[in-house]
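First the structure, in the form of structure tokens, and then the observations on it.
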Amino acid sequence: MGEVFLKVNIAKQILKLYQGNSFQQSYPISTSKFGLGSEPNSFKTPLGWHVIAKKIGEGLPAGAVLRSREWTGAIWNFEDPYQSDEDLVLSRILWLDGVEPSNRTSFERYIYIHGTNQEYEIGTPASHGCVRMKNQDIIELFDKIPEGTKVNLVEN
């Protein structure tokens, strides 16, 4: 079958799941509204190869609000998507670690693939550096891939 890996296409705002050379599924995403880069405190989305260093949130309910990688006990109200302008991390976290010299800062910058309270912005660059996904999508993806999965973030 081959190794599972992810490809994030920034221009198309799409994350694709592959098994070996075989495309499995795609998901709409949202990357940084500040552009591309690996500089600390830049809020940019880093390019290049990463691995999923940690998976956080297994078994939590959809919409679980995570702060500092811990569940607060709160669950987002999806019936009122505009209840907060805050960029929240919801449901699951796939914490990325850069494996190239150009993106070695990703882990320390807390670059994640995660669920969001701003699902209405999925498909457009709107994040603060992370790769946002719809909550049901991140839960589905989380269950399909192991820690150590390779992730390639490409411009196009």
Side-chain angles (χ1 to χ4, degrees), residues 4-18 25-76 78 81 84-100 102-155:
V4 173
F5 74 94
L6 305 176
K7 184 176 182 180
V8 174
N9 184 311
I10 309 289
K12 294 182 180 174
Q13 296 290 291
I14 292 286
L15 179 150
K16 291 185 177 182
L17 170 65
Y18 290 89
Q25 192 161 2
S26 68
Y27 301 94
I29 57 159
S30 178
T31 58
S32 177
K33 63 183 170 186
F34 300 101
L36 304 173
S38 297
E39 304 85 19
N41 304 312
S42 67
F43 300 109
K44 295 178 179 179
T45 299
L47 292 173
W49 282 101
H50 293 75
V51 295
I52 295 172
K54 293 186 180 181
K55 292 174 57 177
I56 299 167
E58 184 169 4
L60 292 179
V65 178
L66 297 152
R67 290 195 194 277
S68 300
R69 296 154 305 284
E70 298 284 332
W71 184 28
T72 65
I75 299 173
W76 181 255
F78 290 102
S84 172
D85 289 337
E86 190 179 358
D87 177 18
L88 298 177
V89 175
L90 302 183
S91 302
R92 304 286 186 277
I93 294 171
L94 300 173
W95 193 350
L96 300 181
D97 191 12
V99 298
E100 298 179 31
S102 62
N103 62 23
R104 287 273 183 214
T105 60
S106 294
F107 190 80
E108 293 77 23
R109 290 179 59 217
Y110 304 104
I111 300 296
Y112 311 143
I113 301 171
H114 66 82
T116 181
N117 59 310
Q118 298 174 349
E119 289 188 341
Y120 53 89
E121 291 188 323
I122 295 291
T124 63
S127 82
H128 296 101
C130 290
V131 177
R132 295 179 183 172
M133 294 181 72
K134 293 180 180 177
N135 290 280
Q136 290 304 323
D137 290 349
I138 187 63
I139 291 168
E140 179 181 299
L141 180 64
F142 186 97
D143 292 341
K144 288 182 177 183
I145 60 173
E147 282 185 0
T149 297
K150 293 178 183 171
V151 183
N152 194 10
L153 287 85
V154 299
E155 204 163 346

How are the rings of H128 and F43 set to each other: parallel, tilted or perpendicular (split at 30° and 60°)?
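Rings of H128 and F43: perpendicular, as their planes differ by over 60°.
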Please work out whether the ring planes of Y18 and F5 are parallel, tilted or perpendicular, with thresholds of 30° and 60°.
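Plane angle under 30°, so parallel.
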Atom [atom1] in [X], atom [atom2] in [Y]: separation rounded to 0.5 Å?
| X | Y | atom1 | atom2 | value |
| --- | --- | --- | --- | --- |
| I29 | L15 | CD1 | CG | 6.0 Å |
| S127 | I111 | OG | CD1 | 7.5 Å |
| S30 | I10 | OG | CD1 | 10.0 Å |
| K134 | E140 | NZ | CD | 12.0 Å |
| L96 | Y112 | CG | OH | 10.5 Å |
| H50 | N152 | NE2 | CG | 9.0 Å |

Heavy-atom count check: over 12 atoms from other residues, nucleotides or ligands less than 6.0 Å from [X] [atom1]?
| X | atom1 | result |
| --- | --- | --- |
| E39 | CD | yes |
| K144 | NZ | yes |
| K7 | NZ | no |
| E155 | CD | no |

Side chains of E119 and N135: any donor to acceptor distance under 3.5 Å?
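On atom types as modelled, these side chains qualify, holding a pair under 3.5 Å.
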Mark yes or no for whether [X], through its side chain, and [Y], through its backbone, hold a donor-acceptor pair below 3.5 Å.
| X | Y | answer |
| --- | --- | --- |
| D137 | Y27 | no |
| N103 | S106 | no |
| T124 | A126 | no |

Salt-bridged, D143 to R92, with N to O below 4.0 Å?
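Judged by the 4.0 Å cut-off on N to carboxylate O distance, D143 and R92 do not form a salt bridge.
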